[in-house]
Amino acid sequence: MEKLFVTGGARLQGTVRISGSKNGALAIMAGALLASGRTTLRNVPKIGDIFTMVETLRSLGAEIETNGDWLSIDATNLTSCEAPYELVKQMRASFCVLGPLVARLGRAKVAMPGGCDIGSRPIDYHVKGIQTLGAYVDTDHGYVYAESLRLRGAPIYLDFPSAGATQHLMTAACLAEGVTVIQNAAAEPEVVDLARFLTQMGARIDGAGTTTVKITGVRELHGVDYTIIPDRMEAGTFGIAAAITRGDVTVTAAAPEHLEPVLPKLQEVGARIDAQNDSIHFRMVDRPLATDIMTMPHPGFPTDMQQPMVALLSVAEGTSVVTENVYERRFKYISELQRMGADIKQEGRTAIIKGMPQLTAAPVTATDLRAGAALVVAALAAEGQTEIAGIEHIDRGYENLVDKLCSLGAEIYRADSERRGTALCLA
Ligand code: EPZ
(Lines give C-alpha, C1' and ligand atoms only; values in the text may rest on other atoms or scores of the structure.)
Protein backbone atom coordinates (compact mmCIF):
# COMPACT_ATOMS: atom_id res chain seq x y z
CA MET A 1 0.00 0.00 0.00
CA GLU A 2 1.48 3.35 -0.99
CA LYS A 3 2.27 5.96 1.63
CA LEU A 4 3.80 9.43 1.67
CA PHE A 5 7.14 9.87 3.44
CA VAL A 6 7.76 13.47 4.48
CA THR A 7 10.91 14.70 6.21
CA GLY A 8 10.20 18.01 7.90
CA GLY A 9 12.44 21.08 8.08
CA ALA A 10 12.80 22.38 4.53
CA ARG A 11 11.62 25.95 3.98
CA LEU A 12 9.46 25.88 0.85
CA GLN A 13 10.72 28.28 -1.78
CA GLY A 14 9.80 28.91 -5.38
CA THR A 15 6.80 29.04 -7.70
CA VAL A 16 4.03 26.51 -8.25
CA ARG A 17 1.15 26.51 -10.74
CA ILE A 18 -2.33 25.88 -9.35
CA SER A 19 -4.57 23.35 -11.14
CA GLY A 20 -8.22 23.81 -12.07
CA SER A 21 -10.88 23.64 -9.38
CA LYS A 22 -12.01 20.13 -8.41
CA ASN A 23 -15.32 21.33 -7.02
CA GLY A 24 -15.88 23.70 -9.93
CA ALA A 25 -15.11 21.08 -12.59
CA LEU A 26 -17.34 18.40 -11.03
CA ALA A 27 -20.44 20.62 -11.02
CA ILE A 28 -19.75 21.78 -14.59
CA MET A 29 -19.27 18.21 -15.83
CA ALA A 30 -22.71 17.30 -14.47
CA GLY A 31 -24.10 20.45 -16.10
CA ALA A 32 -22.66 19.40 -19.48
CA LEU A 33 -25.31 16.65 -19.54
CA LEU A 34 -27.91 19.33 -20.24
CA ALA A 35 -26.53 20.06 -23.72
CA SER A 36 -27.37 17.90 -26.72
CA GLY A 37 -23.94 18.68 -28.14
CA ARG A 38 -20.21 18.68 -27.41
CA THR A 39 -18.71 20.66 -24.53
CA THR A 40 -14.95 21.21 -24.24
CA LEU A 41 -13.50 21.90 -20.78
CA ARG A 42 -9.97 23.23 -20.23
CA ASN A 43 -7.83 23.50 -17.07
CA VAL A 44 -9.48 20.34 -15.70
CA PRO A 45 -7.42 18.87 -12.82
CA LYS A 46 -6.09 15.35 -13.36
CA ILE A 47 -7.33 13.90 -10.05
CA GLY A 48 -9.27 10.90 -8.85
CA ASP A 49 -12.65 12.60 -8.47
CA ILE A 50 -12.56 13.82 -12.07
CA PHE A 51 -11.80 10.30 -13.32
CA THR A 52 -14.77 9.01 -11.31
CA MET A 53 -17.07 11.64 -12.80
CA VAL A 54 -15.81 10.75 -16.32
CA GLU A 55 -16.77 7.11 -15.69
CA THR A 56 -20.17 8.18 -14.32
CA LEU A 57 -20.94 10.27 -17.42
CA ARG A 58 -19.71 7.47 -19.71
CA SER A 59 -22.03 5.03 -17.93
CA LEU A 60 -24.91 7.32 -18.97
CA GLY A 61 -23.85 7.25 -22.63
CA ALA A 62 -21.91 10.50 -22.85
CA GLU A 63 -18.92 10.31 -25.22
CA ILE A 64 -15.84 11.64 -23.46
CA GLU A 65 -12.32 12.31 -24.69
CA THR A 66 -9.52 13.38 -22.36
CA ASN A 67 -6.09 14.82 -23.15
CA GLY A 68 -4.07 16.28 -20.27
CA ASP A 69 -6.13 19.05 -18.68
CA TRP A 70 -8.52 19.09 -21.66
CA LEU A 71 -11.80 17.16 -21.61
CA SER A 72 -14.62 16.94 -24.15
CA ILE A 73 -18.12 15.70 -23.27
CA ASP A 74 -20.73 14.92 -25.94
CA ALA A 75 -24.07 14.27 -24.22
CA THR A 76 -26.13 14.24 -27.41
CA ASN A 77 -27.09 10.56 -27.14
CA LEU A 78 -27.59 9.57 -23.49
CA THR A 79 -28.32 5.85 -23.30
CA SER A 80 -28.99 5.34 -19.61
CA CYS A 81 -30.70 7.22 -16.80
CA GLU A 82 -29.01 5.20 -14.03
CA ALA A 83 -25.91 6.28 -12.08
CA PRO A 84 -24.66 3.12 -10.34
CA TYR A 85 -23.81 2.80 -6.64
CA GLU A 86 -20.21 1.70 -7.23
CA LEU A 87 -19.49 5.08 -8.83
CA VAL A 88 -21.71 7.38 -6.72
CA LYS A 89 -20.42 5.89 -3.43
CA GLN A 90 -16.89 6.92 -4.43
CA MET A 91 -17.83 10.54 -4.85
CA ARG A 92 -20.84 12.45 -3.64
CA ALA A 93 -20.76 15.00 -6.48
CA SER A 94 -21.84 12.35 -9.00
CA PHE A 95 -25.27 12.38 -7.32
CA CYS A 96 -25.78 15.74 -9.05
CA VAL A 97 -26.37 14.04 -12.41
CA LEU A 98 -29.90 13.32 -11.19
CA GLY A 99 -31.36 16.74 -12.06
CA PRO A 100 -29.82 16.95 -15.57
CA LEU A 101 -30.99 13.38 -16.32
CA VAL A 102 -34.59 14.20 -15.36
CA ALA A 103 -34.37 17.43 -17.37
CA ARG A 104 -33.03 15.65 -20.48
CA LEU A 105 -34.61 12.16 -20.31
CA GLY A 106 -37.61 12.67 -18.03
CA ARG A 107 -36.34 10.16 -15.47
CA ALA A 108 -33.34 9.19 -13.36
CA LYS A 109 -32.18 6.46 -10.98
CA VAL A 110 -29.17 7.55 -8.92
CA ALA A 111 -27.61 5.82 -5.93
CA MET A 112 -27.69 7.75 -2.66
CA PRO A 113 -24.10 8.93 -1.94
CA GLY A 114 -23.95 8.02 1.75
CA GLY A 115 -21.89 9.74 4.39
CA CYS A 116 -18.15 10.11 4.91
CA ASP A 117 -15.67 11.00 7.61
CA ILE A 118 -16.64 14.65 7.83
CA GLY A 119 -20.35 14.20 8.32
CA SER A 120 -23.56 12.42 7.37
CA ARG A 121 -23.72 14.39 4.12
CA PRO A 122 -27.53 14.14 3.63
CA ILE A 123 -29.21 14.93 0.30
CA ASP A 124 -32.59 16.11 1.60
CA TYR A 125 -32.23 19.62 0.12
CA HIS A 126 -31.49 18.07 -3.30
CA VAL A 127 -34.45 15.65 -3.17
CA LYS A 128 -36.89 18.26 -1.84
CA GLY A 129 -35.74 20.73 -4.50
CA ILE A 130 -36.25 18.31 -7.40
CA GLN A 131 -39.71 17.49 -5.97
CA THR A 132 -40.49 21.22 -5.76
CA LEU A 133 -39.65 21.45 -9.47
CA GLY A 134 -42.49 19.01 -10.09
CA ALA A 135 -40.72 15.65 -10.29
CA TYR A 136 -42.13 12.49 -8.73
CA VAL A 137 -39.33 11.30 -6.41
CA ASP A 138 -39.06 8.05 -4.49
CA THR A 139 -36.21 6.42 -2.56
CA ASP A 140 -35.88 2.66 -2.43
CA HIS A 141 -33.04 0.20 -1.73
CA GLY A 142 -30.42 2.97 -1.58
CA TYR A 143 -31.47 4.62 -4.83
CA VAL A 144 -33.32 7.85 -5.61
CA TYR A 145 -35.84 7.56 -8.47
CA ALA A 146 -37.14 10.73 -10.14
CA GLU A 147 -39.55 11.23 -13.03
CA SER A 148 -41.07 14.24 -14.78
CA LEU A 149 -42.24 14.91 -18.33
CA ARG A 150 -40.96 18.44 -17.91
CA LEU A 151 -39.79 20.15 -14.74
CA ARG A 152 -41.69 23.28 -13.77
CA GLY A 153 -40.03 26.38 -12.31
CA ALA A 154 -40.87 27.13 -8.68
CA PRO A 155 -39.58 29.01 -5.62
CA ILE A 156 -37.11 26.91 -3.56
CA TYR A 157 -35.86 27.81 -0.08
CA LEU A 158 -32.69 26.10 1.20
CA ASP A 159 -32.57 25.62 4.97
CA PHE A 160 -28.77 25.97 4.75
CA PRO A 161 -26.83 27.63 1.86
CA SER A 162 -25.68 24.27 0.53
CA ALA A 163 -23.14 24.61 -2.29
CA GLY A 164 -24.02 21.28 -3.85
CA ALA A 165 -27.77 21.72 -3.60
CA THR A 166 -27.54 25.23 -5.10
CA GLN A 167 -25.46 23.91 -8.02
CA HIS A 168 -27.65 20.83 -8.55
CA LEU A 169 -30.99 22.70 -8.47
CA MET A 170 -29.69 25.61 -10.58
CA THR A 171 -28.66 23.04 -13.20
CA ALA A 172 -31.98 21.18 -13.09
CA ALA A 173 -33.98 24.43 -13.38
CA CYS A 174 -32.26 25.52 -16.62
CA LEU A 175 -34.58 23.36 -18.77
CA ALA A 176 -37.66 23.67 -16.54
CA GLU A 177 -40.77 25.47 -17.79
CA GLY A 178 -41.01 28.88 -16.14
CA VAL A 179 -39.03 30.66 -13.44
CA THR A 180 -37.22 29.14 -10.46
CA VAL A 181 -35.96 31.26 -7.59
CA ILE A 182 -33.52 29.63 -5.16
CA GLN A 183 -33.48 31.50 -1.86
CA ASN A 184 -30.78 31.20 0.79
CA ALA A 185 -28.57 29.98 -2.06
CA ALA A 186 -24.83 29.32 -1.65
CA ALA A 187 -22.48 31.97 -3.06
CA GLU A 188 -19.23 29.99 -3.40
CA PRO A 189 -17.03 30.92 -6.41
CA GLU A 190 -17.77 27.46 -7.84
CA VAL A 191 -21.51 28.30 -7.83
CA VAL A 192 -20.83 31.56 -9.69
CA ASP A 193 -18.62 29.77 -12.20
CA LEU A 194 -21.23 27.09 -12.85
CA ALA A 195 -23.80 29.83 -13.55
CA ARG A 196 -21.35 31.46 -15.98
CA PHE A 197 -20.86 28.11 -17.74
CA LEU A 198 -24.61 27.38 -17.97
CA THR A 199 -25.29 30.91 -19.25
CA GLN A 200 -22.75 30.38 -22.05
CA MET A 201 -24.69 27.20 -22.89
CA GLY A 202 -27.80 29.38 -23.35
CA ALA A 203 -29.32 29.28 -19.87
CA ARG A 204 -30.89 32.38 -18.30
CA ILE A 205 -29.55 32.82 -14.73
CA ASP A 206 -29.48 35.96 -12.58
CA GLY A 207 -28.12 36.56 -9.09
CA ALA A 208 -25.48 33.81 -8.87
CA GLY A 209 -23.10 34.79 -6.07
CA THR A 210 -25.91 36.27 -4.01
CA THR A 211 -28.36 34.51 -1.69
CA THR A 212 -31.11 34.62 -4.34
CA VAL A 213 -30.60 32.96 -7.72
CA LYS A 214 -33.25 33.26 -10.44
CA ILE A 215 -33.33 30.77 -13.32
CA THR A 216 -35.70 31.26 -16.27
CA GLY A 217 -36.11 27.93 -18.05
CA VAL A 218 -35.29 27.51 -21.76
CA ARG A 219 -36.04 24.70 -24.20
CA GLU A 220 -32.51 23.66 -25.13
CA LEU A 221 -28.87 24.25 -24.29
CA HIS A 222 -25.83 23.88 -26.55
CA GLY A 223 -22.26 22.73 -25.95
CA VAL A 224 -19.53 25.30 -25.21
CA ASP A 225 -15.75 25.63 -24.88
CA TYR A 226 -15.03 26.58 -21.27
CA THR A 227 -12.04 27.03 -18.94
CA ILE A 228 -12.37 25.89 -15.32
CA ILE A 229 -11.44 28.40 -12.58
CA PRO A 230 -8.36 27.78 -10.40
CA ASP A 231 -8.67 25.58 -7.34
CA ARG A 232 -8.83 27.98 -4.40
CA MET A 233 -8.38 25.15 -1.89
CA GLU A 234 -5.14 24.02 -3.53
CA ALA A 235 -3.86 27.61 -3.56
CA GLY A 236 -4.79 28.02 0.11
CA THR A 237 -3.11 24.74 1.00
CA PHE A 238 0.17 25.87 -0.59
CA GLY A 239 -0.11 29.20 1.23
CA ILE A 240 -0.48 27.37 4.54
CA ALA A 241 2.43 25.06 3.65
CA ALA A 242 4.57 28.11 2.93
CA ALA A 243 3.58 29.62 6.28
CA ILE A 244 4.33 26.54 8.39
CA THR A 245 7.78 26.09 6.79
CA ARG A 246 8.57 29.85 7.06
CA GLY A 247 9.04 29.77 3.32
CA ASP A 248 8.68 32.04 0.32
CA VAL A 249 6.22 30.66 -2.25
CA THR A 250 4.40 32.15 -5.20
CA VAL A 251 1.34 30.34 -6.55
CA THR A 252 0.46 31.15 -10.18
CA ALA A 253 -2.64 30.56 -12.33
CA ALA A 254 -4.59 31.35 -9.15
CA ALA A 255 -7.56 33.60 -8.39
CA PRO A 256 -6.73 35.73 -5.30
CA GLU A 257 -10.29 37.08 -5.19
CA HIS A 258 -11.57 33.57 -4.44
CA LEU A 259 -9.40 33.43 -1.30
CA GLU A 260 -10.71 36.62 0.30
CA PRO A 261 -11.78 34.76 3.47
CA VAL A 262 -8.43 32.95 3.79
CA LEU A 263 -5.72 35.52 3.01
CA PRO A 264 -6.59 37.89 5.92
CA LYS A 265 -6.40 34.95 8.33
CA LEU A 266 -2.96 34.01 7.06
CA GLN A 267 -1.90 37.65 7.49
CA GLU A 268 -3.24 37.54 11.06
CA VAL A 269 -0.87 34.66 11.86
CA GLY A 270 2.03 36.68 10.42
CA ALA A 271 2.28 35.76 6.75
CA ARG A 272 3.22 38.52 4.32
CA ILE A 273 0.95 38.23 1.27
CA ASP A 274 1.17 40.01 -2.07
CA ALA A 275 -1.73 39.19 -4.40
CA GLN A 276 -1.52 40.19 -8.07
CA ASN A 277 -3.87 39.33 -10.97
CA ASP A 278 -3.41 35.58 -11.07
CA SER A 279 -0.65 35.01 -8.54
CA ILE A 280 -0.24 35.13 -4.78
CA HIS A 281 3.14 35.54 -3.06
CA PHE A 282 3.28 34.01 0.46
CA ARG A 283 6.23 34.76 2.76
CA MET A 284 6.68 33.81 6.42
CA VAL A 285 9.71 34.76 8.48
CA ASP A 286 8.81 33.94 12.07
CA ARG A 287 6.78 31.35 13.97
CA PRO A 288 3.06 31.78 13.23
CA LEU A 289 0.86 33.58 15.75
CA ALA A 290 -2.36 32.09 17.16
CA THR A 291 -5.71 33.25 15.81
CA ASP A 292 -9.38 32.23 16.00
CA ILE A 293 -11.39 30.82 13.09
CA MET A 294 -15.09 30.12 12.49
CA THR A 295 -15.91 28.21 9.31
CA MET A 296 -18.96 29.53 7.47
CA PRO A 297 -20.49 29.35 4.00
CA HIS A 298 -18.85 31.74 1.50
CA PRO A 299 -17.81 34.54 1.96
CA GLY A 300 -17.00 33.16 5.42
CA PHE A 301 -13.85 31.12 6.13
CA PRO A 302 -14.16 27.93 4.03
CA THR A 303 -14.60 24.65 5.88
CA ASP A 304 -12.20 22.96 3.43
CA MET A 305 -9.37 25.14 4.78
CA GLN A 306 -10.16 24.35 8.43
CA GLN A 307 -8.07 21.20 8.57
CA PRO A 308 -4.77 22.49 7.03
CA MET A 309 -5.20 25.69 9.06
CA VAL A 310 -5.44 23.75 12.33
CA ALA A 311 -2.18 22.01 11.39
CA LEU A 312 -0.56 25.44 11.05
CA LEU A 313 -2.04 26.68 14.34
CA SER A 314 -0.68 23.54 16.05
CA VAL A 315 2.77 25.18 15.97
CA ALA A 316 1.62 28.79 16.49
CA GLU A 317 2.68 31.01 19.38
CA GLY A 318 -0.37 31.06 21.66
CA THR A 319 -3.74 29.37 21.84
CA SER A 320 -6.24 29.34 18.94
CA VAL A 321 -9.95 28.52 18.91
CA VAL A 322 -11.41 26.98 15.73
CA THR A 323 -15.16 26.42 15.34
CA GLU A 324 -16.49 24.19 12.54
CA ASN A 325 -19.98 25.42 11.66
CA VAL A 326 -20.53 23.54 8.39
CA TYR A 327 -19.92 19.85 9.14
CA GLU A 328 -20.71 17.99 12.32
CA ARG A 329 -17.70 15.65 12.20
CA ARG A 330 -14.78 17.45 10.61
CA PHE A 331 -12.32 17.12 13.51
CA LYS A 332 -11.60 13.38 13.21
CA TYR A 333 -8.05 14.10 11.92
CA ILE A 334 -7.14 15.84 15.21
CA SER A 335 -6.25 12.50 16.79
CA GLU A 336 -3.63 12.07 14.06
CA LEU A 337 -2.14 15.52 14.75
CA GLN A 338 -2.06 14.62 18.45
CA ARG A 339 0.11 11.61 17.53
CA MET A 340 2.55 14.19 16.14
CA GLY A 341 2.55 16.05 19.45
CA ALA A 342 -0.18 18.62 18.81
CA ASP A 343 -1.95 19.93 21.92
CA ILE A 344 -5.58 20.16 20.77
CA LYS A 345 -8.73 19.78 22.86
CA GLN A 346 -12.03 19.21 21.05
CA GLU A 347 -15.29 20.33 22.59
CA GLY A 348 -18.15 19.58 20.17
CA ARG A 349 -17.71 21.77 17.10
CA THR A 350 -14.84 23.70 18.71
CA ALA A 351 -11.15 22.84 18.81
CA ILE A 352 -8.81 24.62 21.24
CA ILE A 353 -5.27 24.50 19.88
CA LYS A 354 -2.35 25.29 22.19
CA GLY A 355 0.57 25.95 19.85
CA MET A 356 3.71 23.82 20.34
CA PRO A 357 7.21 24.94 19.30
CA GLN A 358 7.45 21.96 16.95
CA LEU A 359 5.59 18.74 16.08
CA THR A 360 7.36 15.39 15.81
CA ALA A 361 7.10 12.82 13.03
CA ALA A 362 4.81 9.81 13.50
CA PRO A 363 2.97 7.22 11.40
CA VAL A 364 -0.44 8.79 10.65
CA THR A 365 -3.45 8.08 8.43
CA ALA A 366 -5.54 10.45 6.33
CA THR A 367 -9.30 9.91 6.71
CA ASP A 368 -10.50 12.40 4.11
CA LEU A 369 -9.10 14.72 1.45
CA ARG A 370 -8.46 17.83 3.54
CA ALA A 371 -7.35 15.78 6.55
CA GLY A 372 -4.66 14.41 4.26
CA ALA A 373 -3.66 17.94 3.35
CA ALA A 374 -3.47 18.84 7.03
CA LEU A 375 -1.15 15.89 7.77
CA VAL A 376 1.15 16.80 4.85
CA VAL A 377 1.28 20.42 6.08
CA ALA A 378 2.09 19.28 9.62
CA ALA A 379 4.74 16.82 8.40
CA LEU A 380 6.52 19.52 6.37
CA ALA A 381 7.50 21.23 9.65
CA ALA A 382 7.69 18.23 11.98
CA GLU A 383 10.99 16.95 13.38
CA GLY A 384 11.83 13.67 11.57
CA GLN A 385 10.17 11.65 8.82
CA THR A 386 6.38 11.25 8.91
CA GLU A 387 4.67 8.32 7.19
CA ILE A 388 1.20 9.16 5.88
CA ALA A 389 -1.21 6.36 4.91
CA GLY A 390 -4.63 6.82 3.29
CA ILE A 391 -3.10 8.87 0.48
CA GLU A 392 -5.85 7.73 -1.91
CA HIS A 393 -7.88 10.47 -0.24
CA ILE A 394 -5.24 13.05 -1.17
CA ASP A 395 -5.09 11.80 -4.77
CA ARG A 396 -8.83 12.52 -5.09
CA GLY A 397 -8.32 16.27 -4.86
CA TYR A 398 -4.68 17.36 -5.26
CA GLU A 399 -3.00 17.01 -8.66
CA ASN A 400 0.68 15.98 -8.52
CA LEU A 401 1.00 17.15 -4.91
CA VAL A 402 4.32 15.35 -4.38
CA ASP A 403 5.92 16.76 -7.55
CA LYS A 404 4.68 20.26 -6.76
CA LEU A 405 6.00 20.15 -3.20
CA CYS A 406 9.31 18.67 -4.41
CA SER A 407 9.67 21.57 -6.84
CA LEU A 408 9.47 23.88 -3.80
CA GLY A 409 12.21 21.99 -1.96
CA ALA A 410 10.13 19.69 0.23
CA GLU A 411 11.60 16.32 1.18
CA ILE A 412 8.63 14.16 0.23
CA TYR A 413 8.10 11.02 -1.79
CA ARG A 414 5.51 8.29 -2.18
CA ALA A 415 6.42 4.65 -2.02
CA ASP A 416 4.93 1.28 -1.32
CA SER A 417 5.45 0.96 2.43
CA GLU A 418 6.48 -2.69 2.02
CA ARG A 419 9.06 -1.91 -0.67
CA ARG A 420 10.00 1.46 0.72
CA GLY A 421 11.66 3.47 -1.99
CA THR A 422 14.59 5.75 -1.61
CA ALA A 423 13.37 7.98 -4.41
CA LEU A 424 13.87 11.45 -3.10
CA CYS A 425 12.89 14.55 -4.96
CA LEU A 426 14.92 14.76 -8.13
CA ALA A 427 13.16 17.95 -9.25
C1 EPZ B 1 -19.31 21.00 -1.36
O2 EPZ B 1 -19.84 19.84 -0.73
C3 EPZ B 1 -17.85 20.66 -1.59
N4 EPZ B 1 -17.73 19.49 -2.43
C5 EPZ B 1 -17.17 20.38 -0.24
O6 EPZ B 1 -15.79 20.16 -0.49
C7 EPZ B 1 -17.33 21.61 0.65
O8 EPZ B 1 -16.79 21.33 1.92
C9 EPZ B 1 -18.82 21.96 0.79
O10 EPZ B 1 -19.41 22.14 -0.51
C11 EPZ B 1 -19.03 23.22 1.60
O12 EPZ B 1 -18.40 24.29 0.99
C13 EPZ B 1 -17.93 19.63 -3.78
O14 EPZ B 1 -18.20 20.71 -4.27
C15 EPZ B 1 -17.78 18.39 -4.61
P16 EPZ B 1 -22.89 21.36 1.22
P17 EPZ B 1 -21.45 19.73 -0.56
O18 EPZ B 1 -24.09 20.80 0.56
O19 EPZ B 1 -22.11 20.44 -1.65
C20 EPZ B 1 -25.67 20.05 4.79
C21 EPZ B 1 -13.75 19.01 -0.44
O22 EPZ B 1 -12.97 18.72 0.48
N23 EPZ B 1 -26.60 19.52 3.78
O24 EPZ B 1 -22.56 22.82 1.05
O25 EPZ B 1 -21.79 18.33 -0.32
C26 EPZ B 1 -24.40 19.23 4.88
O27 EPZ B 1 -24.59 18.09 5.70
C28 EPZ B 1 -15.24 18.86 -0.22
O29 EPZ B 1 -13.42 19.44 -1.57
C30 EPZ B 1 -27.83 19.00 4.20
O31 EPZ B 1 -28.14 18.97 5.38
O32 EPZ B 1 -21.63 20.54 0.80
C33 EPZ B 1 -23.42 20.21 5.45
O34 EPZ B 1 -23.57 20.22 6.86
C35 EPZ B 1 -15.58 18.34 1.18
N36 EPZ B 1 -28.67 18.50 3.25
C37 EPZ B 1 -23.88 21.54 4.87
O38 EPZ B 1 -25.22 21.34 4.39
C39 EPZ B 1 -28.37 18.52 1.91
O40 EPZ B 1 -29.20 18.07 1.10
C41 EPZ B 1 -23.03 22.03 3.73
O42 EPZ B 1 -22.99 21.02 2.77
C43 EPZ B 1 -27.12 19.05 1.52
C44 EPZ B 1 -26.26 19.55 2.47
Within a strict 4.5 Å, meaning less than it, do heavy atoms of the Val249 and Thr15 side chains meet? no
Might you point out which heavy atoms bring Cys174 and Leu34 nearest each other, and give the distance in Å? CB-CD1, 4.1 Å
Could you list the residues that satisfy salt bridge (charged side-chain N to carboxylate O under 4.0 Å, His left out) with Arg42, not counting sequence neighbours? Asp225
In terms of heavy-atom contacts, does CG of Asp159 have more than 12 from other residues, nucleotides or ligands at under 6.0 Å? yes
d(Leu158 CG, His126 NE2) to nearest 0.5 Å is 9.0 Å
Going by the rule side-chain hydrogen bond (donor to acceptor under 3.5 Å, both in side chains), which residues pair with Asp49 if we only count those two or more places apart in sequence or in a different chain? Arg396
Smallest heavy-atom separation, Gly20 atom then Pro45 atom, equals O-CG, 3.2 Å
With sequence neighbours left out, what residues match His393 under ring-ring contact (aromatic ring centres under 6.0 Å, His included)? none
So His168 and Leu98, do their side chains get closer than 4.5 Å, heavy atoms only? yes
Under the side-chain hydrogen bond (donor to acceptor under 3.5 Å, both in side chains) test, residues paired with Glu268 that sit two or more places apart: Lys265, Thr291
Gap between atom OG1 of Thr250 and atom CD of Gln13 - 0.5 Å precision: 10.5 Å
State, with a plain yes or no, whether a side-chain heavy atom of Leu405 is found less than 4.5 Å away from one of Tyr398. no
Can you see whether Thr323 engages Arg349 through a side-chain donor-acceptor pair at a distance of less than 3.5 angstrom? no
I need the full list of salt bridge (charged side-chain N to carboxylate O under 4.0 Å, His left out) pairs touching residues 180-192, with sequence neighbours left out, sorted by first then second residue. Glu190-Arg232
Donor-acceptor contact below 3.5 Å, side chain Thr295 vs main chain Asn325: yes
Any salt bridge (charged side-chain N to carboxylate O under 4.0 Å, His left out) involving residues 273-286? Give me the pairs, sequence neighbours left out, ordered by first then second residue. none
ring-ring contact (aromatic ring centres under 6.0 Å, His included) partners for His258, two or more places apart: none
pair Phe197-Thr39: side-chain heavy atoms closer than 4.5 Å: yes
Is the OH atom of Tyr85 crowded by more than 12 outside heavy atoms at less than 6.0 Å? no
Side-chain donor-acceptor pairs of residues 296-305 under 3.5 Å, sequence neighbours excluded:
{"unit_1": "Thr303", "atom_1": "OG1", "unit_2": "Glu324", "atom_2": "OE1", "d": "2.9"}
{"unit_1": "Thr303", "atom_1": "OG1", "unit_2": "Glu324", "atom_2": "OE2", "d": "3.1"}
{"unit_1": "Thr303", "atom_1": "OG1", "unit_2": "Arg330", "atom_2": "NH1", "d": "2.8"}
{"unit_1": "Asp304", "atom_1": "OD1", "unit_2": "Arg330", "atom_2": "NH1", "d": "2.8"}
{"unit_1": "Asp304", "atom_1": "OD1", "unit_2": "Arg330", "atom_2": "NH2", "d": "3.1"}

Report yes if some heavy atom in the side chain of Thr252 is under 4.5 Å from a heavy atom in the side chain of Ile18; otherwise report no. no
Could you state the interatomic distance from CG (Leu312) to OG (Ser314), rounded to the nearest 0.5 Å? 8.0 Å
Taking the side chain from Thr216 and the backbone from Val179, do they hold a donor-acceptor pair closer than 3.5 Å? no
Pairs where residues 197-208 contributes a residue and the test side-chain hydrogen bond (donor to acceptor under 3.5 Å, both in side chains) is met, not counting sequence neighbours: none
Which heavy atom of Ala241 sits nearest to which heavy atom of Leu380, and what is that distance? CB-CD1, 3.8 Å
Contact list for residues 16-25, test side-chain hydrogen bond (donor to acceptor under 3.5 Å, both in side chains), sequence neighbours left out: Ser19-Glu399, Ser19-Lys404
Should Leu78 and Arg104 count as side-chain neighbours, where that means a heavy-atom distance under 4.5 Å? yes
Do the side chains of Ile273 and His281 get nearer than 4.5 Å, heavy atoms only? no
Begin from the C-alpha positions of Glu328 and Ser120 and carry the test side chain to side chain donor-acceptor pair (under 3.5 Å) through to its verdict. CA-CA 8 Å; Glu328 76 271 20; Ser120 57; 3.1 Å; yes
Hits for side-chain hydrogen bond (donor to acceptor under 3.5 Å, both in side chains) against Tyr226, two or more places apart or cross-chain, chain-then-number order -> Asp193
Step by step, would you call Ile388 with Glu2 a side chain to side chain contact (heavy atoms under 4.5 Å, CB included)? CA-CA 9 Å; Ile388 303 174; Glu2 277 202 313; over 6 Å; no
I need the single residue from Gln307, Arg370, Gln306 that forms a side-chain hydrogen bond (donor to acceptor under 3.5 Å, both in side chains) with Tyr333. Which is it? Gln306
Can you give me the closest heavy-atom contact between Ile229 and Pro189, atom names plus distance? CD1-O, 4.0 Å
Can you give me every donor-acceptor pair (side chain of residues 350-367, partner residue at least two apart or in another chain, under 3.5 Å) with its distance?
{"unit_1": "Gln358", "atom_1": "NE2", "unit_2": "Ala381", "atom_2": "O", "d": "3.3"}
{"unit_1": "Thr360", "atom_1": "OG1", "unit_2": "Met340", "atom_2": "O", "d": "3.4"}

Does a side-chain heavy-atom distance below 4.5 Å link Pro161 with Thr166? no
Using a 3.5 Å distance criterion without hydrogens, assess whether the side chain of Asp368 forms a donor-acceptor pair with backbone atoms of Ala371. yes
Would you confirm whether Gln90, through its side chain, and Glu86, through its main-chain N or O, come within 3.5 Å as a donor-acceptor pair? yes
Mind listing the closest non-hydrogen atom pair of Leu221 and Leu175 along with its distance? CG-CD2, 3.9 Å
